[in-house]
Amino acid sequence: MDRKRIALVAHDARKPDLIGWLGANIHALEGNVFWSTGTTGRLVREAHPQLDITSLKSGPLGGDQQIGAMIAEGRIDLLVFFVDPMTAQPHDVDVKALTRLATLYNIPMACNEATADMVISSPLFTSGYRPRAVDFAAHDSRRL
Ligand SMILES: O=C(CO)COP(=O)(O)O
């Protein structure tokens, strides 16, 4: 199988949901390679030790930025980010930057279970599909 490089992030109230979603879909997901913000990664590793996961810094300490940098470098194929829409985050600007970069670089981004279910059940998920590269010139509004 084509190993997808998957970033996993969850806000605190959504971490149990992410653990549960991974468990419910473990057969579809194991064999891929995972990157995560710090606390999410630690909890995922405890719950699902069979997953190949590397934890970065905790989100409020720069982990969202690290995932964003990986996206900018073309090192992530899918972002699963279970967002808590009911709680203010001290690092909201980092969260916004991460979702912006995923949008800019045309990375599939699932912010809830329904979307994540649809992404991993798509035939594109198990194929060699790669999203179309972004035309950066078209995004550069400073061009004269
Ligand atoms: O805050 C987060 C995402 O914005 C997640 O960070 P942790 O996985 O370290 O809790």
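Atoms within each ligand, like the ligands themselves, are counted from 1 in listed order. Note that the structure is predicted; figures quoted are calculated from it, not measured.
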Exercise. Closest approach of Glu113 and Asp17, non-hydrogen atoms and distance?
Worked result: OE2-CB, 3.4 Å

Exercise. Which residue holds the protein heavy atom closest to atom 5 (C) of ligand 1, what is that atom called, and what is the gap in Å?
Worked result: Thr37 OG1, 3.4 Å

Problem set entry | ligand 1 N/O within reach of Lys57 N/O, cut-off under 3.5 Å | no

Seminar exercise, completed: Short version for Val9: what comes under 4.0 Å of ligand 1, heavy atoms counted, is side chain

For this session: Starting from atom 6 (O) of ligand 1, find the nearest protein heavy-atom neighbour and note its residue, name and distance.
Result: Gly59 N, 3.0 Å

Problem set entry | Flag if over 12 foreign heavy atoms under 6.0 Å of CZ, Arg100 | no

For this session: Considering non-hydrogen atoms only, spot the tightest contact between Ile53 and Ser36 and give its length.
Result: CD1-CB, 3.6 Å

Exercise. Heavy-atom distance under 4.5 Å between the side chains of Leu61 and His91, does that happen here?
Worked result: no

Exercise. Got an N/O contact under 3.5 Å between Phe81 and ligand 1?
Worked result: no

Exercise. Counting from 1, what ligand 1 atoms have a heavy atom of Thr40 closer than 4.0 Å?
Worked result: 7 (P), 8 (O)

For this session: Can you see which heavy atom on Ile120 is nearest to which on Ala28, and at what distance?
Result: CD1-CB, 4.5 Å

Problem set entry | Main-chain N/O of Ile6 paired with Asp77 side-chain donor or acceptor, under 3.5 Å | no

Exercise. Just distances here: any N/O of Gln89 and N/O of ligand 1 closer than 3.5 Å?
Worked result: no

Exercise. Would Gly63 count as a contact of ligand 1 if the rule is a heavy atom under 4.0 Å away?
Worked result: no

Problem set entry | Interfacing atoms of ligand 1 (cut-off 4.0 Å, heavy-atom, Thr39) | 7 (P), 8 (O), 9 (O), 10 (O)

Seminar exercise, completed: Nearest heavy-atom approach of Ala102 to Leu79 is CB-CD2, 4.0 Å

Exercise. Looking at Pro60, which atoms of ligand 1 are within less than 4.0 Å of one of its heavy atoms?
Worked result: 1 (O)

Exercise. Between Arg14 (side chain) and Asp84 (backbone), is there a donor-acceptor pair under 3.5 Å?
Worked result: no

For this session: Could you tell me if any non-hydrogen atom of Arg42 lies under 4.0 Å from any atom of ligand 1?
Result: no

Exercise. Which of the numbered atoms in ligand 1 are below 4.0 angstrom from a heavy atom of His11?
Worked result: 1 (O), 2 (C), 3 (C), 4 (O)

For this session: Provide the closest heavy-atom pair for Asn32 versus Phe125 in the form atom of the first, atom of the second, distance.
Result: ND2-CZ, 4.1 Å

Seminar exercise, completed: Ranked by distance from atom 2 (C) of ligand 1, the top protein heavy atom is His91 NE2, 3.6 Å

Problem set entry | Minimum heavy-atom distance Asp64-Thr37, with the two atoms named | N-CG2, 3.8 Å

For this session: Any atoms of ligand 1 less than 4.0 Å from a non-hydrogen atom of Val95? List them with their elements.
Result: 4 (O)

For this session: Work out whether the distance between some heavy atom of Ala10 and some atom of ligand 1 is less than 4.0 Å.
Result: yes

Exercise. When you look for heavy atoms under 4.0 Å from ligand 1, do you find them on the side chain of Asp64, its backbone, both, or neither?
Worked result: side chain

Problem set entry | Protein heavy atom at shortest distance from atom 9 (O) of ligand 1 | Ser58 OG, 2.6 Å

Problem set entry | atom 10 (O) of ligand 1 [closest protein heavy-atom partner, distance rounded to 0.1 Å] | Lys15 NZ, 2.7 Å

Exercise. What do you reckon, is NZ of Lys15 surrounded by more than 12 foreign heavy atoms closer than 6.0 Å?
Worked result: yes

